[in-house]
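Let me begin by presenting the structure, written as structure tokens, before commenting on it.
All of these numbers come straight from a predicted model, not from anything done at the bench. Remember, it's 1-based here, ligands and their atoms both numbered in the order they're listed.
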Amino acid sequence: MAPNAKRLKTEGAPPAGVVVCDNLIGGESTPPLSGTYLDVVSPSDGTVLGRVAMSGQKEVEVAAARAEEAFVGWSGMTAKSRAAIMFRFHSLLEMHADELADLVVAENGKNKAEALASVAKGNETVEWACSMPQLMQGKILQVSRGIECRDLREPLGVVACLVPFNFPIMVPMWTVPIALTAGNCVILKPSEKVPLTMRKVGQLLGEAGLPPGVFQIVNGGKEAAEALCDAEAVKALTFVGSSGVAKSVAARCHAVNKRVLALGGAENHLIALPDCDHEAAAHDIVASFAGCAGQRCMAASVLVLVGDTGDLLDRVIQKSKALEPGTEAGKVGPVISTASRDHIVGRIGAAEAEGGEVVVDGRGWAERRPGTWVGPTVIVKSRNGNKGDGKSEEIFGPVLMVVKVDTWQEALAVENASPFGNAASVYTSSGPAADYFQTRFRAGMIGVNVGIPVPREPFAFGGLSGTLSKYGDFDVTAEGAMEFFTNRRKITTKWALPKEATMTAAAAAGGGAGGKTDTANFVGQM
Ligand code: NAD
């Protein structure tokens with residue numbers, strides 16, 4: 001197979017060893033009606049690993065109809081029965097963790113330790129979903145004599161989840177197990193670049209006992225994604241990916257009054273103060289920007305050094321230079337595609353042309369054949385190099401821009417100037433300093449001495465609304481996702497109290513029956 005093979009549309013029988021990722025519809029592996037497939041290419045060595053079905057509106061219609069049929073039975077089960085299936089799924093994910101991690105390594109290029117961690121992290125959300133029977137209950141209160149209000153959570157119906165390439169299993173797990181346990185039927189559209197891992201996960205969900213049609217996969221790209229946004233049967237949609245697409249997906253859903261949460265890109269800032277632990281911070285900063293080849297939404301993009309931070313930058317440089325390419329634990333894997341590699345290399349060149357000093361240069365790795373590689377890169381920006389110009393294009397690679405400032409206010413101004421609002425962290429040994437930044441950052445997820453501030457269950461995950469990192473409502477994972485995937489129905493009940501009870505209550509209230517005015521008389525009349 002040619003190194004760096006392009007993702008071509010292919011037809012005809014696949015060569016031996018090439019996995020065919022058809023759609024999963026009604027529990028069956030189903031070819032796309034168009035017969036069109038795209039190659040799935042290994043970023044490590046350019047070989048063709050698989051072929052993915054490229055679907056459109058017709059496939060979405062078929063899947064949505066099957067999901068609507070399945071919803072009747074699935075939503076009619078108790079949350080406990082649905083959670084029982086999730087318990088089995090949780091065990092199966094543990095049993096198959098190594099195999100799933102190998103698929104993540106093969107199609108995404110993460111190193112094996114990162115891939116295993118992504119499977120484990122995904123399974124933490126399944127674990128949370130297993131506890132949903134305890135968490136889904138509503139409130140009940142006697143709001144007035146004889147009047148009771150309660151709310152119940154109900155599933156929405158058929159929902160869709162659109163996911164990016166960078167975490168083939170973990171990001172789908174942010175939503176799928178919670179949506180399912182809440183009683184919804186889910187149609188997932190994986191990234192066409194990495195469909196192999198979720199193909200396997202779909203099989204495991206079936207093995208766990210999920211009825212056909214409750215979880216389905218429609219593979220494809222833009223066409224399938226847009227069809228899911230438009231489909232009347234799809235009541236809500238989550239998206240995770242780049243900001244431009246997040247914005248258009250959210251607008252498309254809003255146009256048909258569909259509930260949507262679209263998480264976009266990021267430009268995460270780490271601010272280091274002179275009093276931080278230099279060795280621990282340097283280790284953490286490098287792990288943040290170079291881990292997963294910088295292709296995670298929580299990766300650091302900008303390091304802001306405030307005042308005299310001593311040898312911190314030298315330590316970051318030494319540790320970055322020591323990293324090696326590879327998919328074994330501790331190494332830095334490839335970036336996803338030739339387009340991605342060329343974009344990252346182009347952005348490094350542009351920063352250099354603007355006066356940035358490339359103190360660690362990963363462009364040499366780009367020559368590495370086969371595969372698509374870029375090494376860790378550290379660029380110290382010239383003092384006037386930070387324009388805060390609202391650029392909305394991520395680098396999305398293992399590149400760290402370093403900005404030097406004198407004061408906390410300047411540091412904050414650099415972070416606040418970013419149009420993104422995903423994550424930000426401060427490194428310091430001072431509580432008041434940490435407090436100053438954590439209450440002023442323009443980000444939804446904040447770290448103190450943590451370079452990847454990912455909230456863990458039961459906390460939800462998501463950037464700040466009103467920035468390029470988030471469109472729509474709610475969050476993913478845990479309570480955020482439970483809120484997103486359920487409706488709360490509010491029920492107000494009025495029963496005429498038996499005469500004896502009325503008298504007892506009136507006596508306790510110090511008046512005769514009807515002697516005291518309360519809001520009970522108005523309820524039901526509004
Ligand atoms: P992407 O936006 O290219 O694709 C995401 C999904 O949308 C894929 O399933 C893709 O097939 C589909 N898609 C692509 N173009 C589309 C279009 N025009 N209309 C409708 N659907 C379309 O993103 P990607 O390159 O796969 O993933 C990387 C991006 O995801 C980065 O920007 C990263 O920051 C972001 N990301 C964000 C988070 C977060 O939590 N905010 C998490 C992970 C990744």
Side-chain angles (χ1 to χ4, degrees), residues 7 21 38 40 43 52-57 60 107-110 118 121-122 160-175 187-195 198 217-230 237-253 260-268 292-301 335-337 339-341 343-344 392-397 418-423 443-445 452-455 460-465 467-472 474-477 480-481:
R7 292 187 161 82
C21 296
L38 206 62
V40 180
V52 60
M54 294 305 284
S55 315
Q57 191 187 342
V60 165
E107 65 179 353
N108 172 273
K110 290 206 181 345
S118 76
K121 181 77 188 138
C161 304
L162 313 183
V163 290
F165 78 81
N166 66 323
F167 280 96
I169 177 167
M170 189 186 78
V171 171
M173 290 301 111
W174 282 353
T175 51
I187 302 175
L188 176 82
K189 196 204 79 62
S191 163
E192 65 276 33
K193 294 176 184 135
V194 294
M198 284 310 293
I217 298 177
V218 172
N219 280 303
K222 179 175 188 248
E223 206 184 325
E226 291 187 343
L228 285 164
C229 294
D230 297 344
L237 182 142
T238 59
F239 170 90
V240 182
S242 54
S243 293
V245 183
K247 185 177 178 183
S248 67
V249 160
R252 214 171 170 112
C253 291
V260 63
L261 168 61
L263 297 178
E267 184 186 41
N268 306 314
C292 298
Q295 299 211 303
R296 56 182 162 184
C297 66
M298 298 300 283
S301 304
V335 296
I336 191 68
S337 62
S340 170
R341 179 196 61 199
H343 166 74
I344 298 163
S392 58
E393 209 191 353
E394 290 167 280
I395 297 180
F396 213 55
S418 171
F420 296 93
N422 201 47
M445 292 170 285
I452 301 285
V454 176
F461 180 103
L464 207 62
S465 297
T467 71
L468 297 181
S469 296
K470 184 172 172 180
Y471 299 84
F474 303 103
D475 273 318
V476 288
T477 78

### Task
Tell me which part of F420 gets within contact of ligand 1: side chain, backbone, both or neither, using heavy atoms under 4.0 Å.
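It is neither part, as no heavy atom is under 4.0 Å.
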
May I ask you to check if ligand 1 and [X] share an N or O to N or O distance below 3.5 Å?
X: K189; value: yes
X: V240; value: no
X: N166; value: no
X: E192; value: yes

Closest protein heavy atom to [atom], given as residue, atom name and distance to 0.1 Å:
atom: atom 16 (C) of ligand 1; result: V245 CG1, 3.5 Å
atom: atom 27 (O) of ligand 1; result: P164 CB, 3.2 Å
atom: atom 31 (C) of ligand 1; result: E394 OE1, 3.5 Å
atom: atom 21 (N) of ligand 1; result: A225 CB, 3.2 Å
atom: atom 41 (N) of ligand 1; result: G264 O, 2.7 Å
atom: atom 9 (O) of ligand 1; result: V163 O, 2.7 Å
atom: atom 39 (C) of ligand 1; result: C297 SG, 3.5 Å
atom: atom 3 (O) of ligand 1; result: S242 OG, 3.9 Å

### Message
Assess the residue pair N166 and V194 against the criterion (side-chain contact (heavy atoms from CB on, under 4.5 Å)); give the C-alpha distance rounded to whole Å, side-chain angles, the decisive distance to 0.1 Å, and a yes or no.
### Response
CA-CA 8 Å; N166 66 323; V194 294; over 6 Å; no

Should [X] be listed as contacting ligand 1, given a heavy-atom distance under 4.0 Å as the test?
X: S248; answer: no
X: F239; answer: yes
X: S191; answer: yes

### Task
Any chance you could lay out the side-chain contact (heavy atoms from CB on, under 4.5 Å) test for K121 and V454, step after step, and finish with the verdict?
CA-CA 11 Å; K121 181 77 188 138; V454 176; 4.0 Å; yes

### Candidate pair F396 and I344, rule side-chain contact (heavy atoms from CB on, under 4.5 Å), full reasoning
CA-CA 7 Å; F396 213 55; I344 298 163; 6.0 Å; no

### Task
Report the member of A227, G241, S301 with the shortest heavy-atom distance to atom 35 (C) of ligand 1.
G241

### Query
Are L162 and L237 close enough that some pair of their side-chain heavy atoms sits under 4.5 Å apart?
yes

### Message
Between L261 and K470, is the side-chain contact (heavy atoms from CB on, under 4.5 Å) condition met? List the steps.
### Response
CA-CA 8 Å; L261 168 61; K470 184 172 172 180; 3.8 Å; yes

### Query
Has the side chain of S55 got a donor or acceptor atom that lies under 3.5 Å from a matching backbone atom of A224?
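Not confirmed, S55 side chain does not pair with A224 backbone.
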
### N/O donor-acceptor pair under 3.5 Å between S191 side chain and P164 backbone
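Side chain of S191 to backbone of P164: no pair is present.
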
### Query
Do you see a protein non-hydrogen atom under 4.0 Å from atom 23 (O) of ligand 1?
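Looking at atom 23 (O) of ligand 1, one finds that a protein heavy atom does lie closer than 4.0 Å.
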
### Query
Relative to the heavy atoms of G221, which atoms of ligand 1 are at a distance of less than 4.0 Å?
11 (O)

### Steps toward side chain to side chain donor-acceptor pair (under 3.5 Å) verdict (S243, E393)
CA-CA 8 Å; S243 293; E393 209 191 353; over 6 Å; no

### Message
Between R252 and E226, is the salt bridge (charged side-chain N to carboxylate O under 4.0 Å, His left out) condition met? List the steps.
### Response
CA-CA 8 Å; R252 214 171 170 112; E226 291 187 343; 3.5 Å; yes

### Residue pair S301 / E267, side-chain donor-acceptor N/O under 3.5 Å
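There is no such pair between these side chains.
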
### Query
What's the shortest heavy-atom distance between C297 and A266, and which atoms?
O-CB, 3.2 Å

### Message
Cation-pi check for F239 against K247: NZ or CZ below 6.0 Å from the six-membered ring centre and within 45 degrees of the axis, yes or no?
### Response
no

